[in-house]
Asker: 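Following this message is one structure expressed as structure tokens.
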Amino acid sequence: MNAVRSPCIGVALALACLVATAHDYKAGAIAIAHLHARATVGGQSTAGAYMGFKNDGAVDWLRSATAAVSSSVELHSMSMDGGMMRMRRIDAIELPAGATVMLEPGGLHMMFVGLKAPLRAGESFPLELRFEKAGKVLVQVRVEAITGAAAAVHKH
């Protein structure tokens, strides 16, 4: 049986594939996906950023990051300690061989400190990630709206 293909369906599938991979990057053996930051309000001086790393090579370390949207970018961990949420700055994030590491609210994440302007939902900005072995990679971070429970978790 021959299928009749509409040009619109072909375009729709191509766009869906592009959207699915638009936020995926590679640095050596490390795949980086779903990079996003939380939108901010005027006067807010920090913002969180989240993403996933899949390391198909030898152990590596995310050592640092830079972005023009803030004075600095810090790597952080967050944990519960006696019912209190504790955040601390860390020097690097280990990316074990064959593992997936998620930067997400309530755990490992990035903080943009000293924001130069509010981050607005729907916008994006460049971020340079530096890995110990994989080197540097320039990625785009999409800014997403902060809503509901996510807003409660992400108070710094």
Side-chain angles (χ1 to χ4, degrees), residues 9-40 44-81 85-147 149-151 153-156:
I9 292 173
V11 171
L13 287 174
L15 287 174
C17 290
L18 179 61
V19 169
T21 60
H23 299 289
D24 295 346
Y25 299 89
K26 258 324 235 177
I30 300 169
I32 309 155
H34 193 59
L35 297 99
H36 60 288
R38 296 263 174 89
T40 62
Q44 188 174 336
S45 63
T46 61
Y50 312 97
M51 62 202 69
F53 300 100
K54 170 100 175 69
N55 185 359
D56 288 326
V59 66
D60 205 341
W61 295 82
L62 175 62
R63 291 290 179 188
S64 64
T66 56
V69 298
S70 63
S71 299
S72 65
V73 180
E74 298 178 357
L75 305 176
H76 283 199
S77 69
M78 190 174 285
S79 60
M80 294 300 289
D81 181 16
M85 194 171 275
R86 304 244 185 236
M87 183 176 65
R88 67 181 178 94
R89 185 177 180 180
I90 56 177
D91 293 329
I93 295 174
E94 182 179 12
L95 305 173
T100 298
V101 175
M102 299 301 297
L103 274 58
E104 54 194 358
L108 296 170
H109 62 281
M110 283 185 198
M111 289 297 300
F112 297 100
V113 179
L115 287 174
K116 297 176 181 175
L119 300 181
R120 301 195 189 292
E123 297 179 346
S124 65
F125 59 88
L127 172 70
E128 184 179 82
L129 302 172
R130 291 186 202 101
F131 300 92
E132 185 172 295
K133 295 178 183 171
K136 297 177 186 177
V137 63
L138 187 63
V139 299
Q140 286 291 316
V141 177
R142 185 181 64 236
V143 180
E144 296 180 349
I146 184 167
T147 58
V153 168
H154 192 72
K155 294 210 184 244
H156 289 289

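It should be emphasised that the depicted structure is a prediction, and the values quoted were computed from it without experimental measurement.
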Asker: Would a 4.5 Å heavy-atom cut-off, applied to side chains only, mark Arg142 and Gln140 as touching?
Answerer: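 No, their side chains stay 4.5 Å or more apart.
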Asker: Side chains of Ser64 and Arg130: donor-acceptor distance under 3.5 Å anywhere?
Answerer: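 A donor-acceptor contact under 3.5 Å links the two side chains.
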Asker: Where is the tightest heavy-atom contact between Gly57 and Ala29, given as atom of each residue plus distance?
Answerer: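 Looks like N-CB, 3.4 Å.
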Asker: Measure the NZ-OG1 distance between Lys136 and Thr66 for me, rounded to the nearest 0.5 Å.
Answerer: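 With rounding to 0.5 Å, NZ (Lys136) is 8.0 Å from OG1 (Thr66).
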Asker: Please find the pair of heavy atoms, one from Phe131 and one from Ile30, that lie closest to each other, and give the distance.
Answerer: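 It is CD2-CD1, 3.7 Å.
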Asker: Salt bridge between Asp60 and Lys133, side-chain N to carboxylate O under 4.0 Å?
Answerer: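 Salt bridge between Asp60 and Lys133, a charged N being under 4.0 Å from a carboxylate O: no.
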Asker: What is the minimum heavy-atom distance between Ala67 and Val73, and which atoms define it?
Answerer: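 Smallest interatomic distance, heavy atoms only, reads N-CG2, 3.7 Å.
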Asker: For Arg86, does the CZ atom have more than 12 heavy-atom neighbours from other residues, nucleotides or ligands under 6.0 Å away?
Answerer: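 Enclosed.
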Asker: Before giving the answer on side-chain contact (heavy atoms from CB on, under 4.5 Å), spell out for Phe53 and Leu103 the whole-Å C-alpha distance, their side-chain angles and the decisive distance to 0.1 Å.
Answerer: CA-CA 8 Å; Phe53 300 100; Leu103 274 58; 3.5 Å; yes
Asker: What is the minimum heavy-atom distance between Met110 and Leu75, and which atoms define it?
Answerer: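 Closest heavy-atom pair between Met110 and Leu75: CG-CD2, 3.8 Å.
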Asker: If you compare all heavy atoms of Val137 against all heavy atoms of Lys26, which two are closest, and at what distance to 0.1 Å?
Answerer: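 Scanning both residues, the minimum pair turns out to be CG2-O, 3.6 Å.
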Asker: Give, for atom CZ of Arg89 and atom NE2 of His76, the distance between the pair rounded to the nearest 0.5 Å.
Answerer: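 Those atoms lie 6.5 Å apart.
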Asker: Hey, what do you get for CE (Met80) to CE (Met85), rounding to the nearest 0.5 Å?
Answerer: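 Separation between the atoms: 5.0 Å.
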Asker: Any non-hydrogen side-chain atom of Leu129 less than 4.5 Å from a side-chain atom of Met51?
Answerer: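 Yes, their side chains come closer than 4.5 Å.
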Asker: Find the distance between CE (Met78) and NE2 (His109) and round it off to the nearest 0.5 Å.
Answerer: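 The NE2 atom of His109 is 4.5 Å from CE of Met78, to the nearest 0.5 Å.
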Asker: Show me the side-chain donor-acceptor pairs of residues 111-123 shorter than 3.5 Å, one per line, residues at least two apart or across chains.
Answerer:
| residue | atom | partner | partner atom | Å |
| --- | --- | --- | --- | --- |
| Lys116 | NZ | Ala68 | O | 3.3 |

Asker: Carefully, step by step, assess Val143 and Thr40 under the rule side-chain contact (heavy atoms from CB on, under 4.5 Å).
Answerer: CA-CA 9 Å; Val143 180; Thr40 62; over 6 Å; no
Asker: Identify each donor-acceptor pair in which a side-chain atom of residues 91-102 lies under 3.5 Å from a protein atom, sequence neighbours left out, and give them as a table.
Answerer:
none

Asker: If you take all heavy atoms of Arg38 and Tyr50, which pair is closest and at what distance?
Answerer: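 Closest approach of Arg38 to Tyr50, heavy atoms only: CG-CE1, 3.7 Å.
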